[in-house]
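Quantities reported herein were computed from a predicted structural model and do not represent experimental measurements.
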Protein chains: 2
Amino acid sequence: MNEERSSSTEDTLGHQFGAFYKIPIEKFFQFALSVDCVILGYHENGLKLLVIERGTEPHKGKKALPGDLVYPAEDMELAANRVLKDLTGLENVYMTQSKSYGQVDRHPIGRVVTVGYYSLISVDRYQPLASSWAANVVWVDVNELPLLAFDHNQIVNQVLATLRERVRLQPIGFELLPKKFTLGQLQELYEAILNTTFDKANFRKKILSMNLLKDTKERQTDVAHRPAKLFSFDKKAYESLRQQGFSFEM
Amino acid sequence: MNEERSSSTEDTLGHQFGAFYKIPIEKFFQFALSVDCVILGYHENGLKLLVIERGTEPHKGKKALPGDLVYPAEDMELAANRVLKDLTGLENVYMTQSKSYGQVDRHPIGRVVTVGYYSLISVDRYQPLASSWAANVVWVDVNELPLLAFDHNQIVNQVLATLRERVRLQPIGFELLPKKFTLGQLQELYEAILNTTFDKANFRKKILSMNLLKDTKERQTDVAHRPAKLFSFDKKAYESLRQQGFSFEM
DNA sequence: CCAAAAGTGTTGAGTCTACACCCATGA
DNA sequence: TCATGGGTGTAGACTCAACACTTTTGG
């Protein structure tokens with residue numbers, strides 16, 4: 001698509017402030033773009049991050065976020081979904097853009113700017129550990145992150161900070177749980193993300209008073225205590241409440 | 001910096017999932033990167049956006065965000081500050097990164113990915129209207145935005161959405177006001193950003209109970225009503241409160 | 001019966017909302 | 001003396017935190 005652009009050394013994109021006069025426009029088209037995916041899941045009472053092990057240099061052997069270069073004519077969201085699909089088989093996952101990282105020296109091979117994307121996935125929708133890439137793909141606990149390749153620790157920490165803010169104002173936590181879950185699981189999840197504890201009775205009263213949960217009329221089985229009711233998130237109820245100005249707050 | 005990189009057609013950056021084998025690495029280094037600055041100020045009882053008028057194609061004559069291409073060896077934050085300085089003379093302004101925009105066809109000359117940056121500035125620190133670029137630079141009310149060049153409307157709307165969230169959880173509104181301000185001005189500001197109204201007595205009680213404002217012992221002069229006390233934001237108090245777990249909420 | 005987690009009720013402190021009212025200044 | 005916005009007090013509704021208590025299951 002940019003093969004046809006003028007190669008005149010006078011061509012300057014028309015900037016207003018004179019910074020680029022005399023610099024040929026080609027000099028600016030030397031960047032590569034990549035996407036890195038922060039895939040979070042909730043697993044064994046903790047928030048987990050999906051990482052791969054790099055098979056080649058640079059950072060061979062280190063753990064890293066699943067990521068790849070973007071094709072010159074490929075949209076970033078598509079690239080993020082392509083990477084996610086190649087890795088996990090997951091399709092149509094809603095990925096949210098996080099920050100971009102463009103430190104000049106962040107990649108040894110050249111100027112590679114990367115855009116972070118993140119998604120919360122539920123273990124009942126997909127478990128990457130069982131995939132054909134199993135040997136290369138592992139969940140790590142976000143509280144025990146290893147040193148990741150490139151600036152990936154920074155990317156993850158940014159996503160976690162965003163998540164902790166967003167989860168208090170939007171009902172996104174449910175994406176991490178199975179379709180049917182108990183109030184105890186929901187509370188554990190919020191406690192894991194926000195790294196705090198809630199009073200059981202108060203947490204229940206608050207969440208139930210929002211009318212966002214549908215009672216599935218089912219219960220846990222085979223547990224060595226009183227079986228809990230199973231609820232599901234009522235997306236329709238949330239949408240109609242939200243349009244009436246309701247705001248989710250935890 | 002990336003002049004020295006290998007030009008072997010086998011070089012693939014070492015990706016895990018086979019997407020790029022056989023594609024020469026040079027093909028990926030065809031992107032340009034730009035920054036676009038969303039500069040917001042508070043002026044005549046409304047939130048205003050700083051825009052320039054483009055002097056050249058594409059989008060000649062349209063209003064646009066101040067922005068420019070990033071040099072191949074320039075960090076993005078530096079580029080954003082360079083643009084801001086070129087335009088307004090302002091230095092050392094803290095700019096926050098917003099989202100990135102990379103639609104394949106967003107720029108006619110080639111694949112240009114842009115990163116949004118935003119900043120809130122106070123009219124007593126700088127008034128771009130009085131600068132040497134005056135003819136090209138105007139404030140527009142964010143509630144009456146014209147059609148901007150490229151995808152700049154989208155960039156602005158994203159920043160405004162972020163601002164409306166952030167302003168409720170962090171005391172960033174003060175950056176838009178003069179150093180000394182009245183509680184009435186502060187309330188008007190919050191009402192403008194959040195597009196709502198607050199009860200005067202309750203707003204005052206809430207904000208004063210946070211102990212974030214320092215009474216300057218000064219008052220308004222030459223007003224046709226009881227002169228209001230002038231307050232300033234107490235950054236030190238905020239920092240020490242924040243470390244004790246205090247959370248700002250409006 | 002016990003352990004464990006589900007699930008409920010109460011109480012008092014604290015916060016929020018609405019609204020009425022007084023104050024100081026310039027015109 | 002009036003208009004204008006600054007500034008305050010209070011009552012009732014509402015929300016929240018703490019904690020004690022009952023219920024239902026498997027072992």
Side-chain angles (χ1 to χ4, degrees), chain A residues 42 44-46 168-169 177-178 180-192 194-233 241 244-250, chain B residues 42 44-46 167-169 171 177-178 180-192 194-233 241 244-250:
Chain A
Y42 182 67
E44 289 157 14
N45 308 333
R168 293 194 51 222
L169 299 174
L177 292 175
K180 297 169 186 176
F181 50 85
T182 69
L183 292 180
Q185 289 170 331
L186 185 62
Q187 181 174 349
E188 273 179 13
L189 169 65
Y190 271 86
E191 291 178 343
L194 298 173
N195 197 31
T196 183
T197 58
F198 295 104
D199 178 272
K200 181 171 43 133
N202 297 333
F203 182 87
R204 284 162 172 267
K205 271 175 286 192
K206 181 156 189 179
I207 201 85
L208 287 175
S209 73
M210 291 181 184
N211 294 116
L212 293 175
L213 298 188
K214 227 179 345 202
D215 186 343
T216 67
K217 307 290 180 190
E218 293 175 60
R219 290 178 169 275
Q220 285 180 312
T221 52
D222 297 317
V223 285
H225 54 76
R226 177 173 172 177
K229 286 184 182 179
L230 292 171
F231 292 88
S232 66
F233 179 63
L241 281 172
Q244 294 161 39
F246 162 86
S247 97
F248 182 88
E249 286 196 27
M250 291 299 295
Chain B
Y42 183 66
E44 289 157 15
N45 308 332
V167 83
R168 293 193 52 222
L169 299 174
L177 292 175
K180 296 169 186 175
F181 50 85
T182 69
L183 292 180
Q185 289 171 330
L186 185 62
Q187 182 175 348
E188 273 179 13
L189 169 65
Y190 270 86
E191 292 178 343
L194 298 173
N195 197 31
T196 183
T197 57
F198 295 104
D199 178 272
K200 183 172 43 137
N202 298 334
F203 182 87
R204 284 163 172 269
K205 270 175 288 192
K206 182 157 188 177
I207 201 84
L208 287 175
S209 73
M210 290 181 185
N211 295 115
L212 293 176
L213 298 189
K214 229 181 337 205
D215 186 343
T216 67
K217 306 289 182 192
E218 292 175 60
R219 288 175 172 276
Q220 284 179 313
T221 52
D222 297 316
V223 285
H225 54 76
R226 175 172 172 179
K229 285 185 182 177
L230 292 171
F231 293 89
S232 66
F233 178 64
L241 281 173
Q244 293 162 39
F246 162 85
S247 97
F248 182 87
E249 286 197 26
M250 291 299 295

Interatomic spacing from CG in B:Asn202 to CZ in B:Arg204 - rounded to 0.5 Å:
11.5 Å
Got a second to check how far B:Phe246's CZ is from B:Asn211's CG, nearest 0.5 Å?
8.5 Å
Does a nitrogen or oxygen in the side chain of B:Arg226 sit under 4.0 Å from OP1 or OP2 of D:dG5?
no
Using a heavy-atom cut-off of under 4.0 Å over every strand shown, decide if B:Lys229 touches base, sugar-phosphate, or nothing.
sugar-phosphate
side-chain contact (heavy atoms from CB on, under 4.5 Å) evaluation trace for A:Phe231 with A:Leu208
CA-CA 10 Å; A:Phe231 292 88; A:Leu208 287 175; 4.1 Å; yes
Output the rounded distance in Å from [atom1] ([X]) to [atom2] ([N]).
{"X": "A:Met210", "N": "D:dC16", "atom1": "CE", "atom2": "C1'", "answer": "13 Å"}
{"X": "B:Lys206", "N": "C:dT17", "atom1": "NZ", "atom2": "P", "answer": "7 Å"}
{"X": "B:Lys200", "N": "D:dT8", "atom1": "NZ", "atom2": "P", "answer": "10 Å"}
{"X": "A:Gln187", "N": "D:dA17", "atom1": "CD", "atom2": "P", "answer": "13 Å"}
{"X": "B:Gln185", "N": "D:dG7", "atom1": "CD", "atom2": "P", "answer": "11 Å"}
{"X": "B:Glu249", "N": "D:dT15", "atom1": "CD", "atom2": "P", "answer": "16 Å"}
{"X": "B:Glu218", "N": "D:dG6", "atom1": "CD", "atom2": "P", "answer": "17 Å"}
{"X": "B:Phe198", "N": "D:dG7", "atom1": "CZ", "atom2": "C1'", "answer": "18 Å"}

Ignoring hydrogens, what is the shortest heavy-atom contact between A:Ala192 and A:Tyr42? Give both atom names and the distance.
CB-CE1, 4.0 Å
To check you understand the geometry: which heavy-atom pair defines the closest contact between B:Phe203 and B:Leu183, and what is its length?
CE2-O, 4.0 Å
Output the single nucleotide from [options] whose closest atom is nearest the side chain of [X].
{"X": "B:Ala201", "options": "D:dG9, C:dA24, C:dG9", "answer": "D:dG9"}
{"X": "B:Gln220", "options": "C:dT17, C:dG7, D:dG6", "answer": "D:dG6"}
{"X": "A:Arg219", "options": "D:dT24, C:dG7, D:dA18", "answer": "C:dG7"}
{"X": "A:Asp199", "options": "D:dC16, D:dA18, D:dT25", "answer": "D:dA18"}
{"X": "A:Ala224", "options": "C:dA6, D:dG26, D:dA18", "answer": "D:dG26"}
{"X": "B:Arg204", "options": "D:dG5, D:dG7, C:dG9", "answer": "D:dG7"}
{"X": "B:His225", "options": "D:dG6, D:dA17, C:dA6", "answer": "D:dG6"}
{"X": "A:Ala228", "options": "C:dG7, C:dT8, D:dG7", "answer": "C:dG7"}

